[in-house]
Amino acid sequence: MVSVFGMLRRGAVCVVALALSLPAFAATPAHYVLGDTAAKTPGQVQPGLLLMGGGDRNFDAMRWFMKKAGNGHIVVLRASQAGEIGEEFFNEVGGIASVETWVFSDRESASDPAVLRSLKRADGIFLAGGDQSRYVRYWRGTPVGEALDAHVRAGKPLGGTSAGLAMQGEYLYGAMDGGSQISPRALADPLGPDNTIETGFLQLALLKGVLTDTHFSERNRLGRLIAFVAKAESMAGRPLLGLGVDEDAAVAVEGDGTARVYATAPGAGATVVKGGFAQKQVEDEPMNLERVDTVIAGVDSVLHLPSGRVDKPAAERRYAVRNGVLAALDSPLLVIHGGAGVERAGMTPADEDAARKALEAALRAGHAQLKAGKPALDAVTAAITVLEDAPQFNAGRGAVFTHDGKNELDSSIMDGATGKAGAVAGVHRVKNPITLARAVMEKSRHVMMVGGGAEAFAKEQGVTLVDPSYFRTEKRWQQLQDALKEEKQAQASNTPLELPGKAYFGTVGALALDAKGQLAAGTSTGGMTNKRYGRVGDSPIIGAGTWADDRCAFSGTGWGEYYIRASAAHEVCARVRLAGYGIARAAEGVINRDIPKAGGDGGAIALGADGSMAFPFNTEGMYRGWIGADGVPHVAIYKEDALPAR
């Protein structure tokens, strides 16, 4: 064996032991040391578990762990990278006598005498993130695995982050196929081979009957944890518990099983999935569960392990799984927008106040439908009808004028439960286009109708028609005059007329999740000022401006041509369905990356069947809001106006 001595940055001494030309049975992992391993442990060593969700710099949680280790000697185990985490512990978290990091590359290293001596004298052991399948292969059934159990039995603390947390439960997701399971695929076949559930690694009393998961909310992992628990229960023959820890959270477990959450971001916490599922699952078939109960532990909660009881929970939520799709139950939710492209310079305090009141009125109208037990479609229709009646928004009453001084209205609606949709475009006399779009969906064999034909159908169906003068407002008329003047000046100077992105904005939309966990989406618009030739944007086009399926709903507001080219609405929901993305990640990627990259801009609202929601936009403001089961509306206009989390 050859030892290489050097100096780390900040002057710390590091010793790296390399195994060269030795037989496999004598392999030695890389070894990094900071501090004095012979120094006396300053404080009292106490039992505890630290379950970190995978985020960085949760120093309060780490200092809790170091204190449990008597601020003495920490040993880090990992199977990739090098001694970086040890440097962070020693130089940034601080307050410890030493830290050793062992980096494994094979199973044989788990029998190395130097490693075992290090683990035996450790005051605290920390399992770093990485590839958890390596941990299973390298450590299960080895002296290292035995040493970890002995360490905890001796009343010493054990911690882990990401994969290092995922390994600590009695049952665990081993990722043995080399991939990382996503929620849609896990729920599509919960007992299938891709859900590689393992056991027999650690025997920690406080995590007996518990299966853990990490990067939880950020990577949309509730669905997969439910599937993992179902498969583990099929193996164990008894009820189990799932514990998912958010990326920005850490659960610090005392020796008696009481635990608290340390969070580095608002709302971060840990989710308890109560197992004991009543319905047995069948291999090669999607999951179906009538009820799944979850409890969220926040920073003010007390979690008890291994029972899973939570005192002062941050939230309690109930779900169902239908044919592999996770849906929130008894948690009706309505999300709306009144258009992106809002600029503060063009708003007076009176304008802002009127807009906020109109948004709140729309939310209350939709919520009344949900509270009465009506389906999501009714809530969407009610909310958009109010927005169409409000002159503050470019839809219905507040529609802008075309080049010819007319109003051309477009709208669409989609039912996520059935996949049915309806749309209208280029109508001039329909008071509330959303009601006509719904009539197209429910009372015809078609999806889209336009112009005079759509209005003839409206008359047949009793949809309210008005004189075109109803849509004339002085504000919108003046906007047309200004646009015509700019166009004339451009023609006179023989320069192309370049419209700002905001010229393409002006839309209203609503998404609803009803008490049965079903989604609907709708969008309505007056188009763009000074448009010609019957131009139609994305709002009435299913898949571009509007989409709803059994797990995702979307309504867009922005430069329609770019939303059409990107199939923005469908693309967001496809990423949820196929890639397992959470609603926020999927919507952010399309609205704030893909569309701007192509040259467009705008915003959107998105809502998941699990109750997650997103409001991405890349303009100065976007009228937006939401209302939950408590009936309290939350609205915002500008980017700096924060909306409270659900």
Side-chain angles (χ1 to χ4, degrees), residues 181-191 195 210-213 216-233 239-246 267 269-281 285-298 308 310 313-335 370 373 375-376 416-417 511-520 548-553 573 576-577 580-584 606-614 626 628-630 645-646:
Q181 183 65 297
I182 60 175
S183 286
R185 193 165 61 228
L187 292 170
D189 186 7
L191 302 189
N195 293 340
V210 178
L211 190 153
T212 60
D213 205 353
F216 196 64
S217 296
E218 294 78 4
R219 300 187 185 178
N220 191 34
R221 286 180 167 175
L222 176 58
R224 84 170 199 173
L225 182 56
I226 292 170
F228 291 169
V229 170
K231 182 162 186 179
E233 287 187 343
L240 300 174
L241 194 75
L243 179 63
V245 183
D246 291 341
T271 298
V272 175
V273 174
K274 298 180 180 180
F277 301 144
Q279 293 161 271
K280 302 300 181 184
Q281 305 305 307
E285 292 187 11
M287 173 172 272
N288 282 283
L289 283 176
E290 293 179 359
R291 175 168 177 161
V292 180
D293 291 306
T294 69
V295 184
I296 299 175
V310 179
E316 297 182 64
R317 294 176 183 156
R318 188 162 70 93
Y319 299 86
V321 184
R322 305 187 185 105
N323 294 317
V325 178
L326 181 68
L329 298 178
D330 302 327
S331 299
L333 186 61
L334 176 69
V335 180
L370 295 173
L511 314 172
L513 173 68
D514 61 31
K516 295 181 179 179
Q518 296 175 335
L519 292 164
D549 56 32
D550 53 4
R551 64 185 89 215
C552 170
C573 291
V576 173
R577 176 170 55 93
Y581 285 8
I583 285 289
L607 178 62
D610 61 357
S612 57
M613 55 188 176
W626 69 275
D630 62 1
R646 173 174 172 264

(request) Taking the side chain as every heavy atom from C-beta outward, state whether Q518 and D514 have any atom pair closer than 4.5 Å. (result) yes
(request) Say whether, by atom type as modelled, one donor and one acceptor occur between the side chain of N195 and the main chain of F228 under 3.5 angstrom. (result) no
(request) Any pair with a residue in residues 287-296 that passes salt bridge (Lys or Arg N to Asp or Glu O under 4.0 Å), sequence neighbours left out, goes on the list, sorted by first then second residue, please. (result) R291-D293
(message) Could you measure the distance from the CG atom of L607 to the CD1 atom of I583? Nearest 0.5 Å is fine.
(response) 7.0 Å
(request) Keeping the roles fixed (side chain from Q281, backbone from K231), state whether a donor-acceptor pair exists under 3.5 Å. (result) no
(message) List the residues meeting side-chain hydrogen bond (donor to acceptor under 3.5 Å, both in side chains) with D549, not counting sequence neighbours, and say none if there are none.
(response) W547
(request) Flag the pair D246 / F216 as yes when at least one side-chain heavy-atom distance between them is below 4.5 Å, and no otherwise. (result) yes
(request) Specify the closest pair of heavy atoms between A515 and P332, including all atoms of both residues, with the distance to one decimal. (result) N-CB, 4.4 Å
(request) Report the distance from atom CG of L211 to atom CD1 of I226, rounding to the nearest 0.5 Å. (result) 12.5 Å
(request) Can you measure from CG (L240) to CD (E233) and round to the nearest 0.5 angstrom? (result) 5.0 Å
(request) Scan side-chain atoms only and decide if S183 and N220 contain a donor-acceptor pair under the 3.5 Å cut-off. (result) no
(message) Please enumerate all residues that pass salt bridge (charged side-chain N to carboxylate O under 4.0 Å, His left out) together with R224, with sequence neighbours excluded.
(response) D213
(message) For the CE atom of M613 and the CG atom of L513, what is their distance to the nearest 0.5 Å?
(response) 11.0 Å
(request) For residues A520 and A553, report the shortest heavy-atom separation together with the two atoms involved. (result) O-CB, 4.0 Å
(request) Apply the side chain to side chain contact (heavy atoms under 4.5 Å, CB included) test between M287 and each candidate in L326, V321, L191, V292; give the one that qualifies. (result) V321
(message) Can you give me the closest heavy-atom contact between P190 and P286, atom names plus distance?
(response) CD-C, 4.2 Å
(request) Decide if atom OH of Y319 counts as having more than 12 heavy atoms of other residues, nucleotides or ligands within a radius under 6.0 Å. (result) yes
(request) Could you tell me which non-hydrogen atom of A327 sits nearest to which non-hydrogen atom of G517, and how far apart they are? (result) CB-O, 3.5 Å
(message) What's the separation between atom NZ in K274 and atom CD in E316, rounded to the nearest 0.5 Å?
(response) 6.0 Å
(request) Nearest 0.5 Å please: distance from the CG atom of L243 over to the OG1 atom of T212. (result) 7.0 Å
(request) Would you check if V272 and L241 make a side-chain contact, meaning some heavy-atom pair closer than 4.5 Å? (result) yes
(request) State, with a plain yes or no, whether a side-chain heavy atom of N323 is found less than 4.5 Å away from one of N288. (result) yes
(request) Would you name the heavy atoms of G276 and P239 that are closest together and state the gap between them? (result) CA-CB, 3.7 Å
(request) Please report the closest heavy-atom contact between V229 and G275, naming both atoms and the distance. (result) CG1-CA, 4.1 Å
